[in-house]
S.K.: 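Below is one structure. I have some questions about it.
First listed ligand is number 1; within each ligand, the first listed atom is number 1.
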Amino acid sequence: MTYISSLNTFSIVFLAALSLMVALRLWLAQRQISHVLAHRTAVPPRFAGRIELPAHQKAADYTVARTRFGRISLVVEIVVLLGLTFGGALQALHDFWVTQTEGLIYGLALIFSTMAVSGLIDLPLSLYRQFVIEEKFGFNRMTFKLFLTDLVKQTALGIVIGAPVILAVLWLMAQMGALWWIDVWLFWCGFNLLILFIYPTWIAPIFNKFAPLDDVPLKARIEALLQRCGFATSGLFVMDGSKRSSHGNAYFTGFGKTKRIVFFDTLLGRLQPTEVEAVLAHELGHFKHRHVIKRIVLLFALSLGFLAALGQLIEAPWFFKGLGVIAQNTTLALILFSLVAPVFAFMLTPLMSLLSRRHEFEADRYAAEHASADDLVHALVKLYEDNASTLTPDPVHSLFYDSHPPAALRIARLQEA
Ligand SMILES: [Zn+2]
């Protein structure tokens, strides 16, 4: 209990923010569950005749199952957070590594072992999510073997990319003087941009196969749309998303001339060519409105703010003591900060969601102008049904979390267009 004796004002501030976050998340989850269950008995009028009652009820049950599971994940997350800080686990890892190694290697070992601990605790949750919940609702297409292969690949990739990045950050923190956080920020932005560039050609193919789209009529339709919208791409690809899940999607990756459009095979299997065109027009809307760039700029600005905060905290003994850690060094500061910052940043969630929903409306409007709004509505209804997305989310839960507007509202806007 030596760690507890170090509690200070910051401990109280942090525990208050943590309690507030937990209470909010549990309250929102409860609202969502009650609201969805209360509307389970009937398909909402706007969707009558388009979605059958069994599909509506499946969506309700799936939403409730995932929300209930989210509460369990929340409990685990809090136990890990408190165990690492006040529970003394991080201090114990430090005590171990500090006798084994030093300098940058000590930092790397401490960061990787902390990640390994939380990763291992997370593993049963991921297994349950994939092989119990997704399985029960018929979405899981993954074998246990594929799950393990993915895990090994992700871990290897995390080490290959993560180790040099962590070493570079720790080195900058140690060498660049009081304003190190500006150098780390520049490095971090550069690294993220690099990943965005290499992701489509180097990283994504480690996990999926990408084949050029060979459906000739569909391709002609899409190329006509791209021409109309004045959009250049280096290729249209189909990804074998079906090997993991039956959820469908379409997305853009890359920048400038390396831009690619990727369709999940599950999406193409389900939508008519006109509907695929409408979905793609929506994605083009995101691009034309520069949503990706705006989001990147916002995230970079936020990370500058967070790093500036860390720049202040790193020298403050109360920050370490307040979180139950007795030792004090840059690596510990980095880890503690990455553990507690999300608790404070949680309050930004509704703002980020609001921005995202605004972008979705803009992209829908663009799609309605450059393709058919009706086709987009048809595609969305199919996607809501296939993904078992609830049509009746709790309005407060939706305001807080949803990156996409509720189905009814979105379709109403499209039908007005
Ligand atoms: Zn969108």
S.K.: Take the angle between the ring planes of Y401 and H397 and call it parallel below 30°, perpendicular above 60°, tilted in between.
M.R.: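 The rings of Y401 and H397 sit tilted, inter-plane angle from 30° to 60°.
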S.K.: What N/O/S atom of E360 gets nearest to the Zn ion (ligand 1)?
M.R.: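 Nearest N/O/S atom: OE1.
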S.K.: Counting the benzene-type ring for Trp, do F400 and F346 have ring centres under 6.0 Å apart?
M.R.: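 They qualify: ring centres under 6.0 Å apart.
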S.K.: From the Zn ion (ligand 1) out to just under 2.8 Å, does an N/O/S atom of H282 turn up?
M.R.: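 Looking at H282, which is the residue asked about, there is an N, O or S atom under 2.8 Å from the Zn ion (ligand 1).
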S.K.: Distance under 6.0 Å and angle within 45° of the ring axis: does K58 meet both against F139?
M.R.: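 Yes, a cation-pi geometry.
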S.K.: Under 2.8 Å from the Zn ion (ligand 1), is there any N, O or S atom belonging to H286?
M.R.: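 Short answer: yes, at least one N, O or S atom is under the cut-off.
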S.K.: Should we say atom CD of E223 is surrounded by more than 12 heavy atoms from elsewhere, each under 6.0 Å from it?
M.R.: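 Yes, CD of E223 has more than 12 neighbouring heavy atoms, counting only those of other groups under 6.0 Å.
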